[in-house]
Amino acid sequence: ICSIEQSFAEKVGIALEVSFAAKCGTFRAVLLSRGGSVIWSVETSQQIKRARKGGLIVEIHGRSLVASGATLVLAAGSPGKRFIVHNSVILIHGVQRSGGFLEPPTCVDFRTLPAKDDEESIVLRRVLTLIISELADSVSRPFSVVEQWFRCGKEQAGPGSLLVNLGIA
């Protein structure tokens, strides 16, 4: 129950390692998060997938709030072992670029990125590709389908059934 940051990813990594060392067959986790850092959400998702490849069944139970990067974490659980309560609050949205001290954050997607090769545009393209690829892999959907979930102006909010309909839970 927290924002997804470095400490969250580290705790999940340690818990997965302990599960392997104890020869647990199944790792169960409860997820309640407003999301957080995109990079740490992806890192947590990748840790879970590595554990699954190592033979661990990862069961994740989404609770009252699963938003933003937390959807990546939930989707990384083992197929058939990703659960969400029906009355939860779900939010899926595009990448938010910080506006700085006085400006609000702005949404970024492949359509809104300038076709420039400056460092910021290159990094944002790579981050978008990483997030979309990670989720597409988790839910076995084409990149082109998942990319649409992250378009600016196409934010999706709803109850737990939203994640079921998208194949995330």
Side-chain angles (χ1 to χ4, degrees), residues 1-6 8-9 12 29-53 58-99 103-116 120-169:
I1 301 174
C2 63
S3 177
I4 299 173
E5 302 298 336
Q6 182 176 357
F8 176 87
V12 169
V30 172
L31 178 64
L32 174 98
S33 177
R34 61 178 172 80
S37 164
V38 131
I39 299 304
W40 291 110
S41 297
V42 170
E43 174 60 23
T44 304
S45 172
Q46 291 176 349
Q47 288 176 348
I48 292 168
K49 287 181 183 178
R50 285 191 295 273
R52 286 180 38 210
K53 286 180 183 168
V58 180
E59 186 175 302
I60 302 177
H61 296 262
R63 294 296 184 204
S64 60
L65 177 64
V66 177
S68 195
T71 58
L72 290 174
V73 175
L74 180 64
S78 299
K81 300 293 181 179
R82 303 183 295 234
F83 304 99
I84 190 74
V85 295
H86 74 281
N87 61 345
S88 57
V89 175
I90 306 301
L91 174 64
I92 299 174
H93 62 84
V95 172
Q96 303 295 308
R97 178 175 30 193
S98 175
E103 298 293 322
T106 57
C107 183
V108 178
D109 67 26
F110 286 122
R111 299 167 311 141
T112 64
L113 273 174
K116 299 189 295 187
E120 182 182 23
S121 296
I122 291 168
V123 168
L124 284 170
R125 268 191 226 95
R126 287 183 180 164
V127 167
L128 280 165
T129 300
L130 178 64
I131 297 163
I132 295 165
S133 297
E134 188 69 23
L135 190 54
D137 176 65
S138 292
V139 299
S140 301
R141 296 272 183 105
F143 183 95
S144 60
V145 169
V146 175
E147 183 269 332
Q148 294 177 35
W149 301 348
F150 290 90
R151 288 188 176 173
C152 301
K154 300 289 184 178
E155 296 78 10
Q156 298 180 69
S161 60
L162 172 61
L163 294 186
V164 174
N165 293 339
L166 294 174
I168 293 172

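This one's a predicted model, so the numbers in the text were calculated from it and none came from an experiment. When a residue number appears, it is its place in the shown sequence, counting from 1.
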Checklist entry - Can you find a side-chain donor-acceptor pair between Ser68 and His93 that sits under 3.5 Å? => result yes
Next on the checklist: Counting C-beta onward and ignoring hydrogens, is there a side-chain heavy-atom pair between Ile168 and Trp149 closer than 4.5 Å?
Outcome noted: yes
Checklist entry - Just wondering, do Thr44 and Leu72 contact through their side chains at under 4.5 Å, heavy atoms? => result no
Checklist entry - What are the two closest heavy atoms between Cys107 and Gly94, and how far apart are they? => result SG-CA, 4.0 Å
Checklist entry - Do Leu65 and Ile90 touch side chain to side chain, with heavy atoms closer than 4.5 Å? => result no
Next on the checklist: Looking at Arg63 and Leu32, would you say the former's side chain and the latter's main chain have a donor-acceptor pair under 3.5 Å?
Outcome noted: no
Checklist entry - Do side-chain atoms of Arg82 reach the backbone of Gly77 as a donor and acceptor pair under 3.5 angstrom? => result yes
Checklist entry - Got a second to check how far Phe8's CZ is from Ser41's OG, nearest 0.5 Å? => result 8.0 Å
Checklist entry - Do Gln156 and Leu91 have side-chain heavy atoms sitting under 4.5 Å apart? => result no
Checklist entry - Okay, side chain of Ser88, backbone of Val85: is any donor-acceptor separation there less than 3.5 Å? => result yes
Item to check | Taking every non-hydrogen atom, the tightest pair across Ala76 and Ser45 | outcome: CB-OG, 3.5 Å
Checklist entry - If we only count heavy atoms from C-beta on, is the Val66 to Val89 side-chain gap below 4.5 Å? => result no
Checklist entry - Between Leu130 and Val38, is a side-chain contact (heavy atoms from CB on, under 4.5 Å) present by the stated rule, with each step listed? => result CA-CA 10 Å; Leu130 178 64; Val38 131; over 6 Å; no
Checklist entry - Side chains of Val95 and Asp109: does their closest heavy-atom pair fall under 4.5 Å? => result no
Checklist entry - Atom OG in Ser33, atom CG in Leu74: separation rounded to 0.5 Å? => result 11.0 Å
Item to check | salt bridge (charged side-chain N to carboxylate O under 4.0 Å, His left out) between Glu59 and Arg52, intermediate numbers included | outcome: CA-CA 10 Å; Glu59 186 175 302; Arg52 286 180 38 210; over 6 Å; no
Checklist entry - Where is the tightest heavy-atom contact between Ile84 and Gly160, given as atom of each residue plus distance? => result CG2-O, 3.4 Å
Checklist entry - If we only count heavy atoms from C-beta on, is the Glu134 to Gln46 side-chain gap below 4.5 Å? => result yes
Checklist entry - Looking only at heavy atoms, what is the nearest atom pair of Trp40 and Ala9, with distance? => result CE3-CB, 3.5 Å
Item to check | Candidates Val146, Ile39, Val42 - the one meeting side chain to side chain contact (heavy atoms under 4.5 Å, CB included) with Ile131 | outcome: Val42
Checklist entry - Taking all atoms of both residues into account, what is the closest heavy-atom pair of Phe150 and Ile132, and its distance? => result CD1-CG1, 3.9 Å
Next on the checklist: Can you tell me how far apart CG (Leu166) and OG (Ser161) are? Round to the nearest 0.5 Å.
Outcome noted: 9.5 Å
Checklist entry - Should the heavy atoms of other residues, nucleotides or ligands under 6.0 Å from NZ of Lys49 be counted, would the total exceed 12? => result yes
Checklist entry - Which heavy atom in Gly167 sits nearest to a heavy atom in Val139, and how many Å separate them? => result O-CG1, 3.5 Å
Item to check | Glu147 bridged to Arg125 by N-O distance under 4.0 Å | outcome: no
